[in-house]
Every structure is written in structure tokens, then in C-alpha cells.
Amino acid sequence: MTRKRLRLYAVLSGLAMLGIATALVLSALSDNLVFFHSPSDVVENSVEAGQRIRLGGLVEEGSVARSDGTVLFAITDMKTTIPVRFAGIVPDLFREGQGVVADGQLDGKGNFIASEVLAKHDEKYMPPEVADALKRAGHWKEGEGPEGASYK
Amino acid sequence: MDTYFSMGGHAAYIWPSYLVAAVVLIALLIASWRAVRAREAQLKTLRHARRGGAGETE
Amino acid sequence: MHRFANPTRFLRIANAVLPWTGGLTALLLGVGLYLALLNSPPDYQQGETVRIMYVHVPSAWMGMLVYLTMAIASAVALIWRHPLADIAAKAAAPIGAGFTIICLVTGALWGKPMWGTWWVWDARLTSMLILLFLYLGYIALVNAFDDPNRGYRAAGILALVGVVNLPIIKFSVDWWNTLHQPASVIRLDGPTIHPDILLPLLVMAVAFKLFFITVLILRIRSEIAAAKIRNLQLSLARG
């Protein structure tokens with residue numbers, strides 16, 4: 001019986017140690033585990049021009065313009081906005097007010113030159129008719145979609 | 001019917017997803033089932049062999 | 001023979017349960033596929049590709065749930081030396097690996113049209129890939145020794161160590177910026193999925209769980225038979 005007890009404590013303390021070690025490693029690495037930076041991050045940390053980063057946020061309403069193969073738009077986190085230039089094809093979900101992650105670099109004049117643009121979608125799913133009804137009823141925040149949509 | 005199978009132009013992503021799931025799950029089921037049959041049959045013959053070898057118990 | 005006292009009782013119960021889980025799996029898979037492919041609406045943003053969710057999300061949940069099952073069984077085996085627990089962990093591993101592969105492949109097939117990429121190294125996708133490697137490592141280790149008990153011991157420790165990956169997978173989307181969106185179903189303030197889309201998802205999830213139980217019973221039966229064969233061959237060899 002005591003041997004079993006001993007093994008139980010050994011396994012439990014082993015798991016606790018492992019958990020602590022992992023938590024420490026993850027918090028130390030947390031900057032590198034981030035997939036993208038927000039426009040505010042980029043401005044606050046004064047990222048240098050030419051340094052390759054991923055910039056993520058929402059496509060600002062009314063900012064999208066297309067001219068011969070180049071898409072111009074702005075990425076915003078509602079505090080800071082950075083204009084983006086991308087020569088290529090944007091994914092299906094790329095829309096104004098939608099989440100987006102652009103891979104590229106700053107050009108030194110405050111613009112972000114993207115070499116790849118990925119769409120990020122939110123965690124909300126509903127049929128189109130429901131989305132239309134919500135928009136008609138005014139329960140829709142631009143850039144955020146349906147307000148407080150949760151189906152309890 | 002064609003519009004159904006084209007899945008709004010995303011057929012090339014949707015159908016392969018279901019195909020992959022079906023192939024993996026069916027393969028798991030068949031492999032597990034065949035292993036049970038084979039091993040339980042082998043166990044039976046071994047038991048017969050032992051009873052036979054243990055000397056005229058039957 | 002007392003070593004097989006428990007497995008014998010297990011086999012009696014398992015064989016009584018098997019037709020029911022098998023039948024229910026088939027029934028729920030039928031209903032789930034009907035709902036998923038024929039009787040559910042498209043999504044307002046993702047259109048028809050939302051149907052990939054009905055296989056992607058349940059297999060992601062199963063990849064994690066099977067791993068948790070495997071880790072608990074390994075802990076029981078390591079601490080209380082229950083022979084059936086080792087067998088259950090070994091039997092579960094390939095099923096969990098299968099679900100994880102389905103999750104990763106369907107995720108890529110969903111990511112390409114929606115995100116614009118098959119794969120990114122964000123925290124959610126990377127931790128899910130690590131889960132697959134944990135399964136593969138377990139399977140390799142458990143079969144690596146001539147003495148099955150040494151294999152069980154080594155692989156069981158790996159299974160326990162890998163358990164730290166489960167909360168990382170679950171909370172990666174909250175702890176770090178990821179391309180993958182946050183949780184939709186298992187969250188404190190209730191699901192953010194419309195009931196018409198949630199229903200097929202939940203039916204498929206239950207069907208996948210029943211499939212796991214069914215195949216797990218088959219694989220445990222197979223491992224018990226293999227253990228008995230080994231013992232018989234040993235006793236035959238000794239004469």
C-alpha cells in the first residue's frame with residue numbers, strides 16, 4: 001500500500017514540476033509565441049523600417065482601394081491605424097471590418113508593404129438570414145459583427 | 001444537383017475534408033476488427049494445441 | 001490466472017456493450033452527415049466551407065479527449081499497476097492519432113480558402129501538431145521493447161509528460177495572438193454559434209465519441225488476446 005502511495009506522490013509531484021517548468025518557459029517565450037503584432041504594438045515599440053513582422057488587426061471601414069493589381073487598405077486596432085500596400089490577391093474573407101494579418105515590413109514613411117495577406121475570421125457562426133435580420137434590427141457593431149452574440 | 005456538389009465553389013476543399021475523415025476512420029475500424037479476429041483465432045488454436053499436447057484430456 | 005480476472009470481467013461487459021455503441025455510432029453518423037451536408041445553412045461569412053467544421057472541430061476535440069484518456073490510463077497503470085490500464089492506453093493511441101490527423105488535414109483544407117494559407121506556425125496549429133508527434137512517440141515507444149511491460153512504463157511516462165500540451169492547445173487562442181479564432185463552443189459565456197449550425201456539430205461530436213468507444217473496445221480485446229497468446233506461448237515453450 002505504501003509503495004502505491006509513494007508512486008502516486010511521485011507522479012503527482014512530477015506533473016506539478018513539469019507544469020511549473022512549462023509555465024516558466026512559455027511566459028519567457030511569450031513574445032516569440034505571438035503570431036502577429038497590433039498597429040499600437042508596432043508604433044509603441046517603434047519597429048524599424050525593413051524589419052520583417054506580421055501586422056494584425058481589422059481592415060478599416062472605407063479604406064480599401066484597388067489599382068492595377070495593388071490593394072491599398074489600412075489595418076486598425078481602433079487606437080492606431082497603419083496604411084498597407086499589397087500587390088497580390090487577397091483571400092475570400094478579406095473584407096472591410098474583418099480581421100486580417102499581413103506579413104511584410106514598414107517602408108520608413110509610415111506605410112506597411114505586405115508580401116502576404118491572410119484573413120482572420122471571428123468565432124461567430126450564423127446563417128446569412130440571421131446576420132441580415134440582426135443588421136436590420138441594429139444589433140450589429142461595425143468591425144465587431146453581432147454584439148454579444150452568444151446562444152445560451 | 002450540380003450546384004449542390006459545387007458547394008458554392010468550394011467543392012475542392014469541402015469534399016476532400018469528408019473523404020479524409022472517412023478514409024482514416026474506416027481504416028482504423030477495419031484494421032482493429034481484423035486484428036481482433038486474427039488474434040482471437042490464434043488464441044483458440046493455441047489453446048487447442050495445449051489441451052491436445054497436455055495429453056488426452058478430451 | 002488472477003492477472004486476467006479483471007480483463008475477463010471487462011470482456012464480458014465490453015462484448016455486451018459493443019453492439020449498442022456500434023449501432024449508435026452508425027445511426028448518429030448518418031443523422032450527423034445528413035444535418036451537416038444536406039440540412040444546415042451556410043455561414044454568413046464563410047459560406048459553404050463552414051461544413052468543414054463538422055468534421056474538423058469534433059476530431060480536434062477527440063484528439064484531445066483521447067489523449068486525456070490515454071494519460072489517465074497511463075497514470076493508473078504507473079501508480080496502481082492495473083494491467084488493463086496499460087492495455088487501454090496502448091489501444092487508444094492510434095485512434096487519437098487518427099483523429100488528430102483528420103483535424104490537421106481538414107484544418108489545412110479549411111484554412112486555404114478562408115485564411116488564404118494551408119498552414120501557419122501560430123500557437124494553436126503548432127501545439128496541435130505537437131499532439132500528433134506525442135501520439136506517434138507513444139506508439140513508437142510502447143512497441144520498442146521485447147518486454148511489453150518496459151514499453152508500457154516508458155510510453156506511460158511520455159503520455160504523462162505530454163499532458164501539459166492539452167491546456168496549451170485549449171488556451172493558445174486566448175493567451176497569444178493567433179491566426180486561429182478563439183473558442184466558439186466551450187466558453188464561459190455560452191457558444192457563439194447559431195443553433196442551426198451548432199446542432200450538426202454536436203451530433204457529429206457525439207458520433208465521434210461513440211466511434212472511439214467502439215473501436216477502443218475492439219482494440220482492447222485484441223490486446224488482451226495478444227497478451228494471452230504471449231503467455232500461452234511462454235508456457236508451451238517451457239513445456
Exercise for review: Under 4.5 Å, heavy atom to heavy atom: which of residues 200-211 of chain C reach chain B? Give them by number, or say none.
Suggested key: C/F208, C/F211

Check your understanding: Is there side-chain contact between C/L37 and B/W15, with at least one heavy-atom pair below 4.5 Å?
Key -> yes

Practice item. Check the pair C/V215 / B/W33 against side-chain contact (heavy atoms from CB on, under 4.5 Å), numbers first and verdict last. Key: CA-CA 8 Å; C/V215 176; B/W33 181 242; over 6 Å; no

Review point. Rounded to the nearest 0.5 Å, how far apart are CZ of B/R37 and CZ of C/R221?
Key: 10.0 Å

Exercise for review: Kindly give the heavy-atom pair with the smallest separation between C/L38 and B/Y4, and that separation in Å.
Suggested key: CD2-OH, 3.5 Å

Study note, to complete from the structure: C/E48 and B/G8 have their tightest heavy-atom pair at CG-N, 4.0 Å

Exercise for review: Report the C-alpha separation of B/Y18 and C/R51 in whole Å, then their side-chain angles, then the decisive distance to 0.1 Å, and conclude whether the side-chain contact (heavy atoms from CB on, under 4.5 Å) test is met.
Suggested key: CA-CA 9 Å; B/Y18 281 82; C/R51 301 187 196 286; 4.0 Å; yes

Check your understanding: By a 4.5 Å heavy-atom criterion (distance strictly below it), what part of C/L232 contacts chain B: side chain, backbone, both, or neither?
Key -> side chain

Exercise for review: Check each atom of C/M53 against the heavy atoms of chain B and say whether the ones under 4.5 Å are side chain, backbone, both or neither.
Suggested key: neither

Show me the side-chain donor-acceptor pairs of residues 19-30 of chain B shorter than 3.5 Å, one per line, residues at least two apart or across chains.
none

Point to revise | Per-residue contact mode, C/S59 against chain B (heavy atom under 4.5 angstrom) | key: neither

Point to revise | Any B/H10 side-chain heavy atom under 4.5 Å of C/K112 side chain | key: no

Review point. Measuring from B/E40:CD to C/I229:CD1, what's the distance to the nearest 0.5 Å?
Key: 9.0 Å

Point to revise | Within 6.0 angstrom of C/W20 CH2, more than 12 heavy atoms from elsewhere | key: no

Check your understanding: Of all heavy-atom pairs between B/A12 and C/L109, which one has the smallest distance, and what is that distance?
Key -> O-CD2, 4.4 Å

Study note, to complete from the structure: d(B/L43 CG, C/Q233 CD) to nearest 0.5 Å is 10.0 Å

Revision key, fill the gap. With chain B, the option among C/T214, C/T106, C/L33 that has the most non-hydrogen atom pairs under 4.5 Å is C/T106

Point to revise | Rounded distance (nearest 0.5 Å) linking atom CD1 of C/I95 with atom OG of B/S32 | key: 6.0 Å

